[in-house]
Amino acid sequence: MSKDTLSVTDNRTGKQYELKIENGCIRAMDLRQMKTDAEDFGIMAYDPAFQNTANTKSAITFIDGDKGILEYRGYPIDQLAEKSTHLETSYLLMNGELPTKAQLHEFTDKITHHTYVHENIKSFMDGFRYDAHPMSMLASTVAALSSFYPEAKQVRNKEVRRHQMTRLIAKMPTLAAFSYRHSQGLPYIYPNNDLPYAENFLTMVKSIGKPNWKAHPALVKALDVLFILHADHEQNCSTTSVRVVGSSEADPYSAVAAGITALYGPLHGGANEAVLRMLREIGDKKNVPEFIKKVKDKDGDKKLMGFGHRVYKNYDPRAKVIKKACDEVFEVTGKNPLLDIAVELERIALQDDYFVQRKLYPNVDFYSGLIYEAMGFPVDFFTCLFAIPRTVGWVCQYEEMINDNEQKIARPRQVFTGQRKRDYVAIDKR
Ligand code: SDX
């Protein structure tokens, strides 16, 4: 009968070891017993960028990269995108179950009544140059929020912690909208408690000079669907940053600010901005073959932005839903001319061996930027549109880490490759 163990022989000593296999993993700490002598530190696992390392157990989001499956608390993403709302999905992520009507009403009411930010935040925002990137402004103002709520440091007090989680989910749209208005030289629009989450955000961003301005319902619906799709994605770069910063018991605002800065990178959340710049650089369908050739020749480290994923080696299930949302948005806004270039890029890439062999498929960022541009958002605001919904994922993963008895302050090891034991040399002798 097979056993859930790994039999290992250390050929340096001839010793044999039995390592327990649990959840498809061995415990890296079980390697430390393998020593050549009493002085030996023991074997470590070397895994740059954690490509094959599970740093936590989690019950929030399940992904099967080979099958292109994504579930939030067991619910398939396409069902939630079709039938739920971002706030209902946020409740699900935070509590593990879909809310009853009364629970959803209470949760929505709590979020609605925390959308305002302290007036000092406006003067903080005004300190940025007019052309400051909104993600820099968002990361800084979220970090600054921890100075407005000193009680947030009580990270192990569930009631206090949940209050900060509610504040972050509620205020992120307001802060993002303020950063947009600042960069456009427009006055800030305050939240309207009569509007649902996505519509409130669109109104804070878009309304100018018309107090009764109303966002188009099709655009509100599309944005809410995009928020659902971006809410969480297990242990990605920004979530890992939130968990690592939070592991030192830093408050949720400081940890989420770290997540925002990680998301800012063009290989992560910044990819939706990079996709639009890439499509504009290509300029016309007829230039696609030449661009693909440059990518394959690794000309200037060119990548097909919006393609590829560390986990999905199949179509990102979110990309399929976003592509459908594109049609609904373009019915209202008119088709984005860059869509034809994107569709041609996808068509060619999906039949080209270079991409097929590397299992490179469109990811969540490939089509989302087209929708955001069609909605009239500037390209450098796209990653803020990712950070807003991902806030609920970050705070849920933060809380799961805080409550996990196996977790402690994150402190990886290293393989030292530098020089050792050198004596100081006086400057006139160097
Ligand atoms: C997100 O982790 C998450 O869950 C993130 C996210 C979330 O919801 O939080 O899903 C959101 O960040 C989506 C990814 C957005 N990023 C991009 O679209 C940027 C372009 N994609 C890549 O840079 C890349 O695909 C990554 C970063 C997404 C994944 O990179 P990996 O897993 O580290 O893969 P790799 O860099 O080792 O690539 C393997 C091979 C390499 O070629 P060879 O060295 O074998 O010759 O594939 C090539 C890479 O050069 N490759 C690409 C490519 N992505 C990988 N070649 C061209 N274009 C690309 N996009």
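Quick note: numbers below take in every heavy atom, side chains included, and nothing from hydrogens, waters or symmetry partners. All figures in this text were calculated on a predicted structure; none of them were measured in a lab. For ligands, and for the atoms within them, numbers begin at 1 and follow the listed sequence.
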Is the closest heavy atom of Gln235 to ligand 1 under 4.0 Å?
-> no
If you measure every N/O of Arg310 against every N/O of ligand 1, is any gap under 3.5 Å?
-> yes
Ligand 1 contact by Arg390, heavy-atom criterion under 4.0 angstrom | yes
For Arg243, which residues count as a salt bridge (Lys or Arg N to Asp or Glu O under 4.0 Å) partner, sequence neighbours excluded?
-> Glu400
Considering distance alone, does some N or O of Gly269 sit under 3.5 Å from an N or O of ligand 1?
-> no
The atoms of ligand 1 lying under 4.0 Å from a heavy atom of Gly306, numbered in the order shown, are 17 (C), 18 (O)
Give a yes or no on whether Asp126 atom CG has more than 12 heavy-atom contacts from other residues, nucleotides or ligands under 6.0 Å away.
-> yes
Would the Tyr264 and His133 ring centres measure less than 6.0 Å apart?
-> yes
For Glu249, which residues count as a salt bridge (Lys or Arg N to Asp or Glu O under 4.0 Å) partner, sequence neighbours excluded?
-> Arg156
Quick note on ligand 1: atoms under 4.0 Å from a heavy atom of Asn236 include exactly 2 (O), 3 (C), 4 (O), 5 (C), 9 (O)
Does atom NZ of Lys122 have more than 12 heavy-atom neighbours, drawn from other residues, nucleotides or ligands, at distances under 6.0 Å?
-> yes
Report the C-alpha distance between Gln103 and Thr100 in whole Å, list the side-chain angles of each, state the deciding distance to 0.1 Å, and finish with yes or no for side-chain hydrogen bond (donor to acceptor under 3.5 Å, both in side chains).
-> CA-CA 5 Å; Gln103 287 168 332; Thr100 62; 3.3 Å; yes
State if Lys298 counts as touching ligand 1 under the rule of any non-hydrogen atom under 4.0 Å.
-> yes
